[in-house]
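To find a chain, count down the sequence lines: A is the first, B the second, and so on, and within it residues start at 1.
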Amino acid sequence: MDEEDLSEFGIAPKAIVTTDDFASKTKDRLQEKARQLAAAAAPIPGAMLLDDLITPAKLSVGFELLRKMGWKEGQGVGPRVKRRPRRQKPDPGVKIYGCALPPRGSEGSEDEDDDYLPDNVTFAPKDVTPVDFTPKDNVHGLAYKGLDPHQALFGTPGEHLNFLGGGSEGASNLLGNVGLSKGRKLGISGQAFGVGALEEEDDDIYATETLSKYDTVLKDEEPGDGLYGWTAPRQYRNQKEPERDLRYIGKILDGFSLASKPLSSKKLYPPPQLPRDYRPVHYFRPVVPATSENSHLLQVLSESSGKAGQDPGTYSRHQLNASKRGQLLGETPIQGSATSVLEFLSQKDRERIKEMKQVSDLKAAQAKARSLAQNAASSRLQSSTPDLGHCSQHPTLGSWSAATRASNFKPFAKDPEKQRRYEEFLAHMKEGQKDALERCLDPSMTEWERGREREEFARAAQLYVSSHVTLSSRFTHAKEEDDSDQVEVPRDQENDINDKQSAVKMKMFGKLTRDTFEWHPDKLLCKRFNVPDPYPGSTLVGLPRVKRDKYSVFNFLTLPEPTSLPTKPVSSEKGQQQHGSDKSRKLSRWDTSKLERKEDSISEFLSLARSKVGPPKQESSPLVNKEEERVPESLSDKTVDKGAASQPEGEGSRPSMDLFKAIFASSSDGKSSSSEEEQDDSENDQEGTEEANFQSSQEVAMVESAVTHTAEPVPCEPAAPFPIQKIQIDEREEFGPRLPPVFCPNTRQKLETPQREKHKKNKEKHKMKKEHRRKREKKKKHKKHKHKSKQKNKKPEKSSSESSDSSDSRSDEEETADLSPRELLRRLKCFPLRKQ
Amino acid sequence: MAFPEPRPQAPELPQKLLKTLDCGQGAVRAVRFNVDGNYCLTCGSDKTLKLWNPLRGTLLRTYSGHGYEVLDAASSIDNSSLCSGGGDKTVVLWDVASGQVVRKFRGHAGKVNTVQFNEEATVILSGSIDSSIRCWDCRSRKPEPVQKLEEARDGISSVKVSDHEILAGSVDGRVRRYDLRMGQLFSDYIGSPITCTCFSRDGQCTLVSSLDSTLRLLDKDTGELLGEYTGHKNQQYKLDCCLNERDTHVISCSENGKVFFWDLVEGALVLALPVGSSVVQSLAYHPTEPCLLTAMGGSIQCWREEKEGGAG
């Protein structure tokens with residue numbers, strides 16, 4: 001291999017060059033043409049050759065930017081368009097005067113192809129030849145073009161260009177290059193020589209000879225006589241179009257065609273003639289509803305306006321309706337439906353309303369008077385145009401309550417029939433019926449009467465609204481109904497724990513401890529897990545839910561939970577002697593501190609009561625944290641599982657006692673002695689279960705921590721800050737198993753967990769900690785406590801298997817037992833809160 | 001002529017302390033292997049998450065962005081992202097390489113005890129003390145979880161995921177298994193607050209540890225008790241348990257500073273590995289090799305089998 005082979009054009013080129021695909025030199029036809037044209041016009045014919053030879057090594061920044069934005073050479077710039085870009089067609093050499101003809105012939109077939117393209121396919125816009133803004137640097141006239149050198153010198157400019165441009169140009173010339181086609185006349189032509197006044201520059205028919213002029217597709221015969229076919233002369237082919245276009249001068253947009261039928265012209269009506277005495281200012285007559293207070297005013301007004309108004313004495317002919325006329329004639333009114341909404345109310349309600357009315361009438365009268373003054377003008381404005389007015393009133397009317405309306409506002413009190421209709425109207429309004437007016441108007445009335453009454457009603461209703469709104473605007477509706485009687489509960493419930501606990505005790509895991517539910521995973525979750533949706537049809541997510549009565553008798557008459565039964569008596573028994581400790585017994589570590597809770601015993605009671613005292617809580621003092629979780633559980637357990645049928649019998653009789661205890665345990669010092677016995681009984685068997693329970697039930701964990709609060713007896717002054725500190729810790733109590741303590745001396749969170757397990761075996765760790773000395777003192781004291789308590793801790797029924805700390809705590813608890821919680825609290829309050 | 005099948009060798013238990021790493025991030029709340037067991041994650045109480053090579057003892061990266069201590073972490077199957085949950089009630093999706101927070105999922109009402117990726121790392125499941133499990137979609141930009149599993153009545157202490165199941169242990173003493181393929185929820189009552197649950201590697205059993213110092217091996221399909229393992233101490237802390245790489249032994253942390261190994265079938269205590277004097281907070285077992293990571297205090301320990309590289 002010699003050097004040549006390794007060169008760029010050799011068989012094994014060493015240099016890496018851009019392939020043709022990526023080279024910037026890919027020629028685009030338009031540009032090429034523009035350049036050729038420019039070259040042709042240039043004084044030196046071969047100038048463009050230089051341009052080809054000297055190409056920039058690098059693309060311009062603009063090119064690169066455009067490319068990065070997705071542009072490709074040969075495309076235009078701009079948003080993508082729906083239509084397929086037209087094939088680059090050369091300008092037809094023919095000059096068309098007047099409006100352009102719609103594309104026809106061979107192009108037409110292409111357009112039809114376009115129609116089959118889907119709508120969502122877009123194309124890059126077609127490139128446009130840049131406008132050449134060459135500055136005019138000569139003194140010739142505008143648009144002056146000198147002698148064309150090709151034509152002048154060579155006569156056949158096409159050849160010349162082909163010679164210059166090289167072989168690649170051939171194809172494009174054949175297809176596109178207009179001005180360069182061969183059949184050009186020889187000789188000198190051009191504007192430099194001008195066109196004679198009598199001469200006409202005629203069309204160069206040969207100039208339009210391009211391939212695109214020919215049909216490339218087979219298609220149907222031309223409609224018509226088929227004499228000529230597609231080779232027909234242009235005049236013949238486009239015969240029809242000109243006719244049609246004759247009528248319309250202007251541009252027909254793409255995609256539009258001329259209408260075949262002319263638009264029917266709109267008929268214009270002249271405005272009505274005004275009466276001669278018409279004054280364009282309207283005087284509004286003040287309108288005052290006929291009530292007892294303002295009847296005088298009304299009378300004066302009506303007299304001043306020259307109208308009889310509603311004064312019963314001066315009925316005009318027009319104001320009498322059928323029933324009124326009947327009345328005058330002494331007929332008995334037809335017994336229809338109840339005349340007033342009040343009729344539907346019970347006697348008691350009616351009396352109450354009457355009382356209210358008397359009171360409110362006074363107030364309302366004042367309020368009305370005031371609001372009348374404000375609103376009269378505006379309301380009258382509206383009511384003066386009754387049709388508009390009553391349409392606009394519909395929405396506002398809908399919001400009042402019928403009862404109050406009926407009771408304290410009776411604009412047509414003097415005419416019971418009318419008043420009845422009015423109330424009916426309001427009632428309809430309230431229900432949101434559109435035809436409220438039409439329905440309640442007396443069908444026997446004349447059209448004129450109806451119109452009048454409609455107006456009156458609307459006006460009256462609006463007047464009332466205005467005063468009513470001022471009052472009601474101060475109140476808002478409740479956002480959510482808190483008294484809905486139904487709650488959504490899961491359809492299936494994990495059934496009660498008792499059986500399960502015993503099963504666990506017997507280690508009979510399996511069917512006894514297992515609950516299976518239908519569970520609907522979210523569709524997306526299934527997708528993400530690559531699992532087919534098990535319930536393809538359902539829109540449900542999670543457990544199926546059903547609606548249950550929230551307040552059901554059966555919520556109260558529930559069977560007790562054995563877990564609670566045993567513990568309850570214990571607590572009450574203890575409560576006898578040591579009052580405070582019963583609570584601590586079953587407190588969970590997840591609770592907030594007991595002391596804290598004691599302060600809001602009322603709220604706790606309330607919450608208990610509200611929650612229907614689901615389980616006679618093991619935790620006689622409510623778990624502030626846990627409660628919400630607990631209650632629904634117990635509630636649902638009972639209501640759902642056991643259902644209505646099983647409730648009354650069996651254990652149904654038991655809960656009452658526990659329930660009351662649960663409610664009152666915290667406050668009651670004296671237990672009835674009768675209950676004590678059975679408590680003792682139950683305690684005995686409880687101790688048995690307790691042991692197991694203790695391990696297994698979830699309350700176990702609670703005990704420990706709960707005990708830690710109460711375990712601190714706070715006997716004397718110096719130890720005081722300790723419990724306070726604890727409370728603060730407990731406020732941000734954690735749920736669930738704790739995190740192990742931190743031992744590293746340099747950890748930041750001293751407060752976190754470690755303090756909580758004060759009397760846990762790991763005492764060393766505290767020393768490691770950078771705690772204050774005071775704390776260490778406390779600890780020592782604490783240890784003393786512990787020792788003491790350990791000696792005491794000889795409760796027979798406590799099995800040794802129990803955790804040391806729980807027994808610890810138990811003994812602690814006993815020690816503190818003689819301090820009543822109140823006392824504890826009091827002491828606590830005396831101590832200044834110190835920083836932890 | 002066919003040779004008789006070689007007797008399966010008794011599994012080696014990791015009892016040789018290979019390395020102790022002081023993580024320098026406060027208490028190590030959890031230590032987790034990545035999917036292939038080459039790296040591990042430690043969750044610190046100083047709000048950081050650290051990525052280590054436990055065998056070499058090199059710290060690879062520290063991820064900080066949590067607002068409170070980090071309680072659990074998991075790595076995705078492709079090792080490209082991590083997720084973690086912590087006391088700041090958020091679940092964070094991390095980019096492993098850059099150490100940046102990719103997404104922060106907020107919504108839990110309490111601290112997030114446990115996080116898991118699903119098999120393809122398209123969903124993060126997080127269990128929180130607010131008693132809900134939330135499924136966060138890593139693919140979309142939705143801030144809401146795909147689904148909330150709120151059946152538990154108390155905090156969720158442990159969540160594990162298989163290809164079509166979600167296993168959750170709750171403080172309310174139940175282990176719930178959500179089977180997406182069957183569209184069913186199986187709830188097994190254990191009684192005592194659950195601290196940790198896990199699937200066996202063959203996917204047939206679930207191991208449950210609870211605060212009554214007992215581990216139970218349950219049949220996944222029926223919920224029957226297959227084995228019970230006691231002897232360790234776990235009464236107050238959220239401690240981890242797991243099975244070894246061949247499902248032959250059950251391993252659990254203990255509050256008395258040891259790690260307990262039981263034979264899975266016999267239920268006999270095989271080994272009580274002394275780690276230190278305080279609580280072994282967390283452990284992680286290598287997915288394929290007898291290698292154990294334990295966390296105590298502010299450091300983690302790496303344990304290997306006795307005869308490393310030997311014939312056995």
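A distance of 7.5 Å separates OG1 in A:T513 from CG in B:L218, rounded to the nearest 0.5 Å. With rounding to the nearest 0.5 angstrom, the OG1 atom of B:T122 is 7.5 Å from the CG atom of A:N530. Taking CD of A:Q501 as the start and OG of B:S192 as the end, the distance is 10.5 Å to the nearest 0.5 Å. The CZ atom of B:R216 sits 7.0 Å away from atom NZ of A:K507, with the distance rounded to the nearest 0.5 Å. From A:H520, atom NE2 reaches atom CD of B:Q147 across 10.5 Å, with rounding to the nearest 0.5 Å.
Only the side chain of B:V161 comes within contact range of chain A, with at least one heavy atom under 4.5 Å from a heavy atom of that chain. Proximity to chain A (any heavy atom under 4.5 Å) is shown, for B:V146, by both the backbone and the side chain. If you measure heavy-atom distances from B:S162 to chain A, the contacts under 4.5 Å come from the backbone alone. If you measure heavy-atom distances from A:Y535 to chain B, the contacts under 4.5 Å come from the side chain alone. Neither the backbone nor the side chain of B:I156 comes within less than 4.5 Å of any heavy atom of chain A. Within the 4.5 angstrom heavy-atom criterion, only backbone atoms of B:D163 (N, CA, C, O) approach chain A. Looking at B:E150, there are no atoms closer than 4.5 Å to chain A (heavy atoms on both sides), in backbone or side chain. Only the backbone of B:D219 has a heavy atom closer than 4.5 Å to any heavy atom of chain A.
With hydrogens and angles disregarded, a donor-acceptor distance shorter than 3.5 Å links the side chain of B:N118 to the backbone of A:R528.
In this structure, A:F517 and B:Q184 have side chains that are not in contact, with every pair of non-hydrogen atoms separated by 4.5 Å or more. Using a 4.5 Å heavy-atom threshold, the side chains of B:K142 and A:L524 count as touching. Between A:L525 and B:L180, some side-chain heavy-atom pair lies under the 4.5 Å cut-off. Considering only heavy atoms from C-beta on, A:V504 stays 4.5 Å or farther from B:I190 through its side chain. A 4.5 Å side-chain heavy-atom check between B:E119 and A:F529 finds every atom pair outside the cut-off.
Ranked by heavy-atom pairs shorter than 4.5 Å toward chain A, the options B:Q25, B:R177, B:R139 are led by B:R139. Interface remark: of the candidates B:N234, B:L226, B:L225, B:L225 forms the most heavy-atom pairs closer than 4.5 Å to chain A. Highest contact tally toward chain B, considering only A:G542, A:C526, A:A503, A:P521, is held by A:P521 [criterion: heavy-atom pairs under 4.5 Å]. Looking only at heavy-atom pairs under 4.5 Å with chain B, the residue among A:V541, A:D533, A:D522 that has the most is A:D522.
Taking the salt bridge (charged side-chain N to carboxylate O under 4.0 Å, His left out) definition, one finds that B:R134 meets it with B:D130, sequence neighbours left out.
Around NZ of B:K89, the count of heavy atoms belonging to other residues, nucleotides or ligands within 6.0 Å does not exceed 12. Within 6.0 Å of NZ in A:K523 there are more than 12 heavy atoms belonging to other residues, nucleotides or ligands.
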task: Show the numbers, then the answer: is there a side chain to side chain contact (heavy atoms under 4.5 Å, CB included) between B:D188 and A:F509?
output: CA-CA 8 Å; B:D188 287 322; A:F509 287 89; over 6 Å; no
task: Apply side chain to side chain contact (heavy atoms under 4.5 Å, CB included) to the pair B:L185 and A:L543, showing each step before the final yes or no.
output: CA-CA 9 Å; B:L185 161 60; A:L543 296 181; 3.9 Å; yes
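Closest approach of A:R514 to B:D221, counting heavy atoms only: NH1-O, 2.6 Å.
The stretch residues 156-178 of chain B participates, sequence neighbours left out, in these ring-ring contact (aromatic ring centres under 6.0 Å, His included) pairs: A:W519-B:Y178.
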